[in-house]
**Student:** 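Just passing along the structure, written as structure tokens.
By convention in this document, chain letters (A, B, ...) are assigned in the order of the sequence lines, proteins followed by strands, and residues within each chain are numbered from 1. Please read all numbers here as calculations on a predicted model, not as lab measurements.
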Amino acid sequence: RNLFGKRDPKALVDFENLLIESDFGVDTAVSLVGTLEKTTPENYLSSLKKELINILNVSVGGNDYTKPIVELYVGVNGVGKTTTIGKRGWTLHGEGKKVLLASGDTFRTGAVEQLSKWGERINSDVVQSGYGADPAAVCFDAVDAAVAREIDYVLIDTAGRLHTRNDLMEEMKKIKKVLKRKREDLPQETILVVDGTTGQNALQQAKQFNEAIGITGIALTKLDGTAKGGIVVSIVNDIGIPVKYIGIGEEKGDLIPFSAEDFVTAILE
Amino acid sequence: KLGERLKNIARNLSGKGRLSASQVKESMRDIRRALLEADVNLNVAQDFVSEVENEAVARKIYDSFTPAETIIQIVGEKLIGLIGKAEPLVLDKQPSSILLVGLQGSGKTTTAIKLGIFLKSKGKNPFLIPADVKRPAAFEQLRDMAERENLPYFSERLDNEVKLCKQALSRSVLKRYDTLIFDTAGRLHIDIEMLKQIKQIKETVNPSEILLVADSMTGQDAVNIAQEFENALGITGIILTKMDGDARGGAALSMRKVTGKPIKFIGIGEKVDALEVLHPERLASRILG
Ligand SMILES: Nc1nc2c(ncn2[C@@H]2O[C@H](COP(=O)(O)OP(=O)(O)OP(=O)(O)O)[C@@H](O)[C@H]2O)c(=O)[nH]1
Ligand SMILES: Nc1nc2c(ncn2[C@@H]2O[C@H](COP(=O)(O)OP(=O)(O)OP(=O)(O)O)[C@@H](O)[C@H]2O)c(=O)[nH]1
Ligand SMILES: [Mg+2]
Ligand SMILES: [Mg+2]
């Protein structure tokens, strides 16, 4: 109960609606607005901002990894995995890192050619073995190549898969197992790529993928549109996975590190 | 057959005899929440619930001793009413053109192939035009799928999507095909330049169908996407993809509401035969979960 009993019900409803329209989901929106009951109306905005930044600022894990640093990219169909890998490779190049791309999508038509074109675009080699090959085998080969060439980062592309497909989730588990068997600490990063226009299903995706193989970070794509991506707040809050990158376009430079402050400002103002 | 959520709402209302105004309000809030959790846009959900409430009053819900049944019935009717019927493709020209448009990654290229297969199965003679000149290996993706399915396609490479469509149309080979399917690059509904280009393609091609291919897991933004494509092009229908997942699909309701255009097909997988015609009851019970 705030000190002066002042409460602006209309403002509270407006905030709740704003959060719902930003894909926060009803439960999260209601509970967040609920925290405003302990403050006065003139502090609603700043209090909400502070609360959200608090939730989103979870620790982002290791930076004392041993080469090669393997980043495995997973997610449902069409969210931007392949493109995000291209952008990530470009960013790492800019930091003077040696990057190798691995074509772990041996299923979807055009996937190998698409990653190969990205490899050319960002001046990075691509390890591939064509369609129908075992994705785990491609990963195995990529790590060997990385060690031989003293590569800093291996970025592994995988086929889009719905979390409702048990067989595909098992295939993904096998990819992770094979990497771990290659070296105990691999992959150091497992990035779930989430389409920024996705609604509540993104929470289910995060839960299932995390349960299956453990996710170390989220890449939230397509935020150059009008969607707000508010579902990540539930993902961070409920599952504790940090958002690491934001995709803001289709060009190689369009991947930026996640900033809780910028993200929250874009939603609330 | 209208899912668990509605059953729970009904359970909260039944056995209470006649309802008070606050109980009706409560059940309306529950219905709204169920719709929001299904990704129906906030304003669409509010409007829907107001209509349900008005109808409930019109049917004398306060005098009814079976208010739960009445409310469930109204919700079901209104939901199925809003979703609308499956409408067939309009293929009234020789050749007729289908233009596929939508956001990045929604499933347009895959759907182009599926439509080709679908039309062939109906005795049509389709021709595919890979008009995405932007995405790396987009041409290869469509080409390889088309080759595998024995679907003829336009194989000339140009670097401008409008020029490519013009070129494709001018080919006399088209005389032997009755349906042209144009796969276009994913584009944002707020990208002025890309919208300008797709408008030019529309003017050149004069399509019988302009189908918005939309991801069924789209959230609140569905209204903006649908609205902008509708304003820019005047779409003729919607195709909802990736319905083999477990997204509730409320985006379908939002898009249908703001455009008034029919949902013509549902994508239910990555395979080329994974396309089915809309089943309104099935979509309704999925949305209400
Ligand atoms: N506007 C925008 N488009 C993006 C972004 N990220 C990816 N895309 C586009 O989204 C589409 C799909 O990207 P892909 O990289 O093929 O997605 P994917 O997850 O690898 O797809 P699958 O492998 O088929 O599951 C492409 O047209 C990309 O250019 C982004 O941040 N903004
Ligand atoms: N599970 C499932 N996957 C689908 C469906 N439709 C398309 N996909 C997959 O979604 C991903 C994107 O499909 P595309 O056909 O490349 O999408 P697009 O709209 O052409 O993408 P852009 O050209 O980049 O805008 C691919 O992995 C497809 O296999 C569907 O109905 N169900
Ligand atoms: Mg890919
Ligand atoms: Mg495409």
**Student:** Measure R187(B) against the heavy atoms of chain A and call it side chain, backbone, both or neither at under 4.5 Å.
**Tutor:** neither
**Student:** Where on D191(B) is there a heavy atom nearer than 4.5 Å to chain A: the side chain, the backbone, both, or neither?
**Tutor:**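 Neither part, no heavy atoms under 4.5 Å.
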**Student:** Is any side-chain heavy atom of E51(A) closer than 4.5 Å to one of L36(A)?
**Tutor:**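 SC-SC contact between L36(A) and E51(A) ruled out.
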**Student:** Tell me, out of G250(B), P136(B), S216(B), who's got the most heavy-atom pairs with chain A below 4.5 Å.
**Tutor:** P136(B)
**Student:** Below 4.5 Å, heavy-atom pairs only: which of G107(B), A38(B), A137(B), G186(B) has the largest tally toward chain A?
**Tutor:** A137(B)
**Student:** Side chain, backbone, both or neither: which part of E120(A) has an atom under 4.5 Å from a heavy atom of chain B?
**Tutor:** neither
**Student:** Please examine the side chains of L220(A) and F258(A), heavy atoms only from C-beta on, and report whether any two atoms are closer than 4.5 Å.
**Tutor:** no
**Student:** Please check if the number of heavy atoms outside D159(B) that lie under 6.0 Å from its CG is greater than 12.
**Tutor:**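 Incorrect, the count does not exceed 12.
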**Student:** Is R161(A) close enough and on-axis enough to F209(A), meaning under 6.0 Å and within 45°, for cation-pi?
**Tutor:** no
**Student:** Pick whichever of E37(B), Q104(B), M145(B) has the most heavy-atom pairs under 4.5 Å with chain A.
**Tutor:**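 Most heavy-atom pairs under 4.5 Å with chain A: Q104(B).
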**Student:** Is the shortest side-chain heavy-atom distance between K81(A) and D157(A) below 4.5 Å?
**Tutor:**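 K81(A) reaches D157(A) side chain to side chain.
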**Student:** Q114(A) versus chain B, heavy atoms under 4.5 Å apart: side chain, backbone, both or neither?
**Tutor:** both
**Student:** Considering only heavy atoms, which portion of R165(A) lies under 4.5 Å from any heavy atom of chain B: side chain, backbone, both, or neither?
**Tutor:** neither
**Student:** Considering only heavy atoms, which portion of E270(B) lies under 4.5 Å from any heavy atom of chain A: side chain, backbone, both, or neither?
**Tutor:**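 Looking at E270(B), just its side chain touches chain A.
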**Student:** Based on non-hydrogen pairs under 4.5 Å, which of K242(B), M217(B), E140(B) is most in contact with chain A?
**Tutor:** M217(B)
**Student:** Is any side-chain heavy atom of V194(A) closer than 4.5 Å to a side-chain heavy atom of T221(A)?
**Tutor:**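 No, too far: nothing below the 4.5 Å cut-off.
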**Student:** In terms of heavy-atom proximity below 4.5 Å to chain A, should R148(B) be classed as side chain, backbone, both, or neither?
**Tutor:**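 R148(B) touches chain A through side-chain heavy atoms alone.
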